[in-house]
Amino acid sequence: MTATKRIIMLGAPGVGKGTQAKNLQARFGWAHISTGDMLRDAVRGGTELGRKAAQFMEKGELVPDTLIIEMVGERLGRPDCVSGFILDGFPRTVVQAEKLNELLSRMSLSIDAVISVDVSKEEIVSRLSQRLVCEKQSHVLEGDPARKPGDACPTCGSPLIRRKDDEPATIRRRLEVYDEQTRSLIKYYEGRKLLKSVDGLGTPDAIFQKILTALEIEPARS
Ligand code: AMP
């Protein structure tokens, strides 16, 4: 049995943190909380939050902290978070990190580890400009230059599209935003002795094993 863990995944857009968060969820049953996915659902559903968030997301800017914190606060109160959770894409600013501390201390909880997945900027731009997602289920396809927008998703058959914010100009803006705001989080969590850096180059399996080691969990036996 692996203990309950509450983890933050940090890393620029496109480093593969979503894939790794899904791997952790599948293996340990911890809730995967992706603020990007939640916001895209809200935009698709045409909710008030979605309408407010869309204008920032399309430009690659951050959605205002108040909207995000309310959304995450509600999500952390759901029953699937009791066995642990992985925050993916949140916090993105020191203000959000401080608000998260407040939310968790009200619930008498704390973060066990912050995993930073590190990949060079050139590698990120190349990965993101090749990334496709399917329209219906958001299955993600990375690193397959043979597939183009409009092809069928190999998992569910719905058409593949490029996310609006994966267009090259928006990617550059998202990386700038990451540099400006999110890098300070690395220092913030380093200061709290929670940060564990993992090299994000390699196969998804190899990176997963590095994350398990960083979390001091025994690697899977194959
Ligand atoms: P992601 O899929 O994590 O790259 O998020 C896609 C977009 O959603 C970002 O470019 C932001 O516009 C918005 N977003 C996601 N998470 C946050 C957050 N924690 N704070 C502010 N904006 C966010």
Side-chain angles (χ1 to χ4, degrees), residues 6-22 24-25 31-76 85-104 111 114-119 121 123-125 127-135 137-142 161-186 188-189 200:
R6 298 175 195 91
I7 294 164
I8 295 172
M9 301 281 294
L10 282 188
V15 297
K17 56 186 189 309
T19 305
Q20 297 301 337
K22 285 192 182 104
L24 289 170
Q25 176 179 42
H32 172 205
I33 303 178
S34 157
T35 46
D37 285 350
M38 291 170 81
L39 290 168
R40 281 184 288 277
D41 280 348
V43 172
R44 265 197 298 272
T47 64
E48 195 189 337
L49 168 67
R51 278 196 301 278
K52 287 184 184 157
Q55 48 187 314
F56 299 95
M57 294 170 74
E58 280 172 14
K59 289 184 282 191
E61 303 288 341
L62 293 186
V63 172
D65 288 339
T66 44
L67 294 177
I68 299 287
I69 287 149
E70 196 184 318
M71 180 179 86
V72 172
E74 187 274 327
R75 182 67 187 85
L76 289 176
F85 54 78
I86 312 129
L87 288 166
D88 164 14
F90 175 90
R92 271 208 176 43
T93 62
V94 172
V95 171
Q96 290 183 5
E98 279 169 349
K99 291 287 177 190
L100 174 65
N101 280 348
E102 284 170 28
L103 275 174
L104 291 178
I111 292 294
V114 179
I115 303 282
S116 169
V117 184
D118 301 335
V119 174
K121 214 176 244 180
E123 172 72 17
I124 291 172
V125 174
R127 281 189 197 178
L128 283 184
S129 45
Q130 285 179 36
R131 176 163 79 175
L132 296 171
V133 296
C134 71
E135 220 169 56
Q137 312 263 357
S138 305
H139 295 124
V140 180
L141 266 104
E142 274 160 343
I161 54 168
R162 172 157 298 124
R163 267 171 47 180
K164 256 192 193 156
D165 58 356
D166 281 345
E167 297 297 340
T170 318
I171 295 173
R172 279 192 289 277
R173 181 62 196 141
R174 286 165 70 201
L175 289 177
E176 269 169 33
V177 168
Y178 179 77
D179 269 342
E180 281 161 23
Q181 306 207 289
T182 315
R183 279 193 189 281
S184 51
L185 278 180
I186 306 246
Y188 179 89
Y189 285 120

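These numbers come from a predicted model, not from an experiment. Read the numbers this way: they start at 1 and go in the same order the structure lists the ligands and their atoms.
- Just one of Ile8, Val95, Ile69 meets the side-chain contact (heavy atoms from CB on, under 4.5 Å) condition when paired with Leu100; it is Ile8.
- The closest donor-acceptor contact from the side chain of Ser129 to the backbone of Val125 lies under 3.5 Å.
- Under a 3.5 Å cut-off, the side chain of Gln181 and the backbone N or O of Val177 do not form any donor-acceptor pair.
- Put simply, the side chain of Lys17 never gets that close to the backbone of Met9: no donor and acceptor are under 3.5 Å apart.
- Residues Val94 and Tyr189 have side chains not in contact (no heavy-atom distance under 4.5 Å, counting atoms from C-beta outward).
- Looking only at side-chain heavy atoms (C-beta outward), Ile161 and Val133 come within less than 4.5 Å of each other.
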Would you mind writing out a table of all protein N or O atoms found under 3.5 Å from any N or O atom of ligand 1, naming both atoms and giving the distance to 0.1 Å?
residue	atom	partner	partner atom	Å
ligand 1	2 (O)	Arg40	NH1	3.0
ligand 1	2 (O)	Arg40	NH2	3.1
ligand 1	2 (O)	Arg163	NH2	3.4
ligand 1	3 (O)	Arg92	NH1	3.3
ligand 1	3 (O)	Arg92	NH2	3.0
ligand 1	4 (O)	Arg92	NH2	3.1
ligand 1	4 (O)	Arg174	NH2	3.0
ligand 1	5 (O)	Arg92	NH2	3.3
ligand 1	12 (O)	Glu61	O	2.6
ligand 1	16 (N)	Thr35	OG1	2.8
ligand 1	16 (N)	Gly89	O	3.4
ligand 1	16 (N)	Arg92	NH1	3.1
ligand 1	19 (N)	Gly89	O	2.9
ligand 1	19 (N)	Gln96	OE1	3.1
ligand 1	20 (N)	Gln96	NE2	2.9
ligand 1	22 (N)	Val63	N	3.0

